[in-house]
Protein chains: 2
Amino acid sequence: MAAMASLFLNSPTTPSSHPFPKSNRINFSTPSFISYNQNSNSKSKKLIGKPIRVTCGLIEPDGGKLVQLVVPESDRDVKRKEANGLPQIKLSRIDLEWVHVLSEGWASPLTGFMRESEFLQTLHFNSLRLGDGSVVNMSLPIVLDIDDAQKNRISSSTAVALIDSNDDPVAILNNIGDTVLILRGWCQPAISIEIYKHNKEERIARTWGTTAPGLPYAEEAITGAGDWLIGGDLEVIQPIKYHDGLDRYRLSPSELREEFSKRNADAVFAFQLRNPVHNGHALLMTDTRRRLLEMGYKNPVLLLHPLGGFTKADDVPLAWRMKQHQKVLEDGVLDPENTVVSIFPSPMHYAGPTEVQWHAKARINAGANFYIVGRDPAGMGHPVEKRDLYDADHGKKVLSMAPGLERLNILPFKVAAYDKTQQKMEFFDPSRPQDFVFISGTKMRTLAKNKESPPDGFMCPGGWEVLVQYYESLAANDSGRVPEPIPA
Amino acid sequence: MAAMASLFLNSPTTPSSHPFPKSNRINFSTPSFISYNQNSNSKSKKLIGKPIRVTCGLIEPDGGKLVQLVVPESDRDVKRKEANGLPQIKLSRIDLEWVHVLSEGWASPLTGFMRESEFLQTLHFNSLRLGDGSVVNMSLPIVLDIDDAQKNRISSSTAVALIDSNDDPVAILNNIGDTVLILRGWCQPAISIEIYKHNKEERIARTWGTTAPGLPYAEEAITGAGDWLIGGDLEVIQPIKYHDGLDRYRLSPSELREEFSKRNADAVFAFQLRNPVHNGHALLMTDTRRRLLEMGYKNPVLLLHPLGGFTKADDVPLAWRMKQHQKVLEDGVLDPENTVVSIFPSPMHYAGPTEVQWHAKARINAGANFYIVGRDPAGMGHPVEKRDLYDADHGKKVLSMAPGLERLNILPFKVAAYDKTQQKMEFFDPSRPQDFVFISGTKMRTLAKNKESPPDGFMCPGGWEVLVQYYESLAANDSGRVPEPIPA
């Protein structure tokens with residue numbers, strides 16, 4: 001997997017006279033805040049059709065400031081000691097992924113696990129109203145559950161320690177006084193951590209639009225969870241790492257903004273994915289860049305952003321996907337010069353139109369002002385009935401109307417299919433449907449499992465080979481369970 | 001029931017020098033638009049603590065203009081003929097109630113049954129974004145379902161006729177070109193009626209936060225409904241009437257605004273109810289008026305606003321409730337001089353925090369700028385589990401945070417209980433809990449059914465007598481089914 005570094009860093013050494021100098025090295029050292037212009041998006045909108053040279057200015061994060069919750073290095077020992085004296089909550093893998101998400105500001109302006117007012121606004125309005133009256137999008141509850149025993153143990157403590165599976169302290173949940181939300185009427189600043197009821201049925205119904213058994217995230221993280229939620233502000237003791245060989249590809253929003261600034265990107269278009277990249281995706285991404293250049297942008301950069309958190313058992317695991325993405329770039333299907341590949345640390349809900357808002361909102365915080373949305377984003381089959389859980393068009397419709405996402409340019413996905421006459425992936429032409437073959441995810445998986453080849457031009461050969469290897473590794477495993485892939 | 005007119009009209013003949021002249025007759029003739037000041041609410045907020053004489057100015061309706069969809073009398077014959085030539089949809093009782101609601105502008109700025117963009121925004125955001133970027137609250141889907149056969153019959157027709165149970169045309173659903181909503185991106189004005197999928201499971205889950213069988217509205221109007229929804233603008237052929245002896249008490253938002261203006265109300269506080277009024281309610285309403293006077297308002301008027309549409313089988317039917325409310329006013333528990341009793345024509349969803357927003361929003365359109373919210377508004381027991389469906393505090397919390405309701409002043413309900421030491425309903429005093437008895441709705445119904453008396457001071461004797469009569473009439477009915485009460 002070491003070779004993969006070139007994937008991100010494969011920029012030519014650029015002479016200083018180049019109009020859009022690019023870094024030839026991503027700075028992985030100390031993350032720092034990026035200085036960027038305010039209202040950069042309104043500017044970019046005005047730009048449409050008017051080619052003007054623009055100095056680098058990235059879209060402002062939600063709430064105006066990128067939240068970062070990792071305490072300074074000099075404070076870590078003190079915080080570890082403090083954590084050792086507090087009531088403790090052990091984090092699941094998904095909890096840890098959410099601490100990661102929160103710690104780096106993907107959910108800005110959230111400063112910790114949701115208190116009840118934030119939880120309710122998320123469930124009912126998919127958005128949060130800030131103290132100044134402005135609204136940011138927030139469609140998924142980011143919450144931490146505890147059970148009765150934990151609640152009793154916490155009692156009247158004003159802070160708790162969150163510990164990992166090795167019992168090492170990860171963060172302190174407390175109140176740092178920087179209240180994001182002010183309610184009307186009886187409302188006052190949050191003054192403490194808050195423990196409130198976890199109505200699981202209501203949470204599932206309002207998030208997924210169904211309560212059918214078999215929703216992967218609900219089964220993994222909600223159904224068996226505690227009956228209480230605990231909210232408060234986080235102080236994260238050190239950056240979250242997974243030690244799986246992929247940590248260096250997990251760029252924070254701050255690091256991504258720094259990279260986009262170094263590249264002098266004047267548009268950043270994000271492509272969320274949790275599947276192998278085929279040439280239809282590549283066509284779409286290339287075509288998006290072409291359209292942005294036509295609009296007058298000089299240096300649109302693609303954020304190819306595979307989701308790295310919890311996924312369901314039959315999805316291709318992250319490490320194999322990263323290998324596949326690497327091959328796609330090596331094979332020249334995408335241009336490394338204007339592509340940044342990084343891992344989005346969020347767990348996956350498979351909550352369709354509700355979740356796609358989260359996917360888009362988080363990318364604003366990472367500096368993206370364009371978001372590509374496909375057919376049935378974050379969708380899946382209904383867990384019980386023989387149909388898709390969501391209408392395939394609802395994701396893009398809901399996204400285009402979502403409160404708090406007005407600043408983001410939504411780019412609906414054009415449908416690509418295999419064009420038999422050209423033997424390559426092309427945008428579907430409804431005037432000659434007979435020439436096109438749609439290759440579904442299921443079909444793709446079946447071919448790879450059977451070591452059959454897809455039609456020429458469906459996916460680059462190197463990328464396809466990775467998929468075949470993955471399914472071979474699965475078959476080699478007698479139990480049929482998904483093995484943990486070995487990072488290269 | 002004829003005596004009931006006095007309930008609304010019981011104003012003394014007022015000399016013209018009276019500082020707050022009141023009409024001694026509600027004008028039931030031609031409803032007309034009321035002229036009122038814009039931004040009256042921001043003004044009233046500034047007023048708090050500063051007693052200033054204010055000329056009449058009611059809160060602006062959502063969208064700036066009260067929608068009224070009944071066609072002018074001169075056009076009715078033409079519209080009836082037009083309706084006779086169109087594909088027809090027969091309306092259920094609940095459908096008719098929604099036509100009523102829409103026709104009078106309770107749901108302003110909606111001009112008809114929701115199209116898909118409105119339906120999706122309602123389900124996901126409980127609000128609608130208007131063309132000018134402003135947001136209005138809209139938490140319940142107001143939709144019309146059709147089945148496959150009806151869809152086929154409508155085919156490519158650009159308008160359909162809605163007919164009542166006697167096959168008389170009620171309204172035409174078409175496109176009148178006055179599009180309320182503009183979506184971003186691929187969005188264009190609505191150009192036609194729109195037929196789209198009715199995902200009942202998702203609608204129920206997102207509206208109620210559960211899909212458990214036994215939700216009264218869902219059982220009545222959704223589970224067995226068609227698989228399609230049809231949206232478009234309404235032209236209503238004549239005012240909706242039920243001919244049940246209560247029509248004259250169904251004042252439209254326009255008529256209510258006219259009444260409030262005539263009374264020179266400078267604050268209107270709405271009290272939604274679907275139960276008999278006891279002295280705890282009365283205490284609350286009287287106390288609210290006292291608080292508003294203290295704030296500097298000169299003439300706060302109470303809108304006592306029983307819900308008149310569909311209710312569940314074990315609720316007290318509308319006609320009996322109206323009788324009971326009449327007794328309460330006759331017994332002097334509430335002051336008719338600053339009280340307007342009228343019927344709110346909406347059907348009841350029992351959807352708790354989601355529905356209370358609708359109850360509040362509709363009252364803005366009727367001119368109310370204060371809304372009293374109680375414990376567990378629009379709540380009920382979970383249909384399957386032994387618990388309340390909603391957290392009792394969520395209604396008021398959600399209401400206070402709801403998008404589009406920022407202009408409305410939310411008045412949380414203080415808890416009243418029977419104070420044994422004073423032998424009357426009083427606000428609960430937590431310093432002496434032993435002195436208070438909470439009389440639940442179930443307890444009240446059990447007492448009335450058994451012809452037992454509640455403690456003195458719980459409800460005025462005349463009002464209690466109506467309740468006892470109602471349960472007698474139920475018992476007299478062998479089948480145990482709720483009989484249709486005979487209007488007095």
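Letters A, B, ... mirror the listed sequences (proteins, then strands); counts begin at 1.
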Requested in this report: Could you tell me which portion of B/T210 (side chain, backbone, both or neither) has an atom closer than 4.5 angstrom to a non-hydrogen atom of chain A?
Outcome: both

Query raised in the report: If you count heavy-atom pairs under 4.5 Å with chain A, which of B/G209, B/A212, B/P403 comes out on top?
Result: B/G209

Report task. Could you please spell out the steps behind the side chain to side chain contact (heavy atoms under 4.5 Å, CB included) verdict for A/V398 and B/F125? Result -> CA-CA 9 Å; A/V398 167; B/F125 315 130; 3.7 Å; yes

Report task. For residues B/H124 and A/P353, report the shortest heavy-atom separation together with the two atoms involved. Result -> CE1-CB, 3.8 Å

Report task. Give the C-alpha distance, both sets of side-chain angles, the deciding distance and a yes or no for side chain to side chain contact (heavy atoms under 4.5 Å, CB included) between A/V384 and B/E201. Result -> CA-CA 12 Å; A/V384 175; B/E201 180 189 51; over 6 Å; no

Query - Stepwise side chain to side chain contact (heavy atoms under 4.5 Å, CB included) test for A/H394 and B/L123 - result: CA-CA 12 Å; A/H394 281 188; B/L123 287 189; over 6 Å; no

Query - chain B contacts, top residue of A/D391, A/L411, A/L120, A/L389 (heavy-atom pairs, under 4.5 Å) - result: A/L120

Requested in this report: State the OG1-CZ distance between B/T207 and A/R206, to the nearest 0.5 angstrom.
Outcome: 8.0 Å

**Report entry** B/N199, part contacting chain A, at a heavy-atom distance under 4.5 Å
**Finding:** side chain

Query - Which portion of B/S139 sits near chain A, non-hydrogen atoms under 4.5 angstrom - result: neither

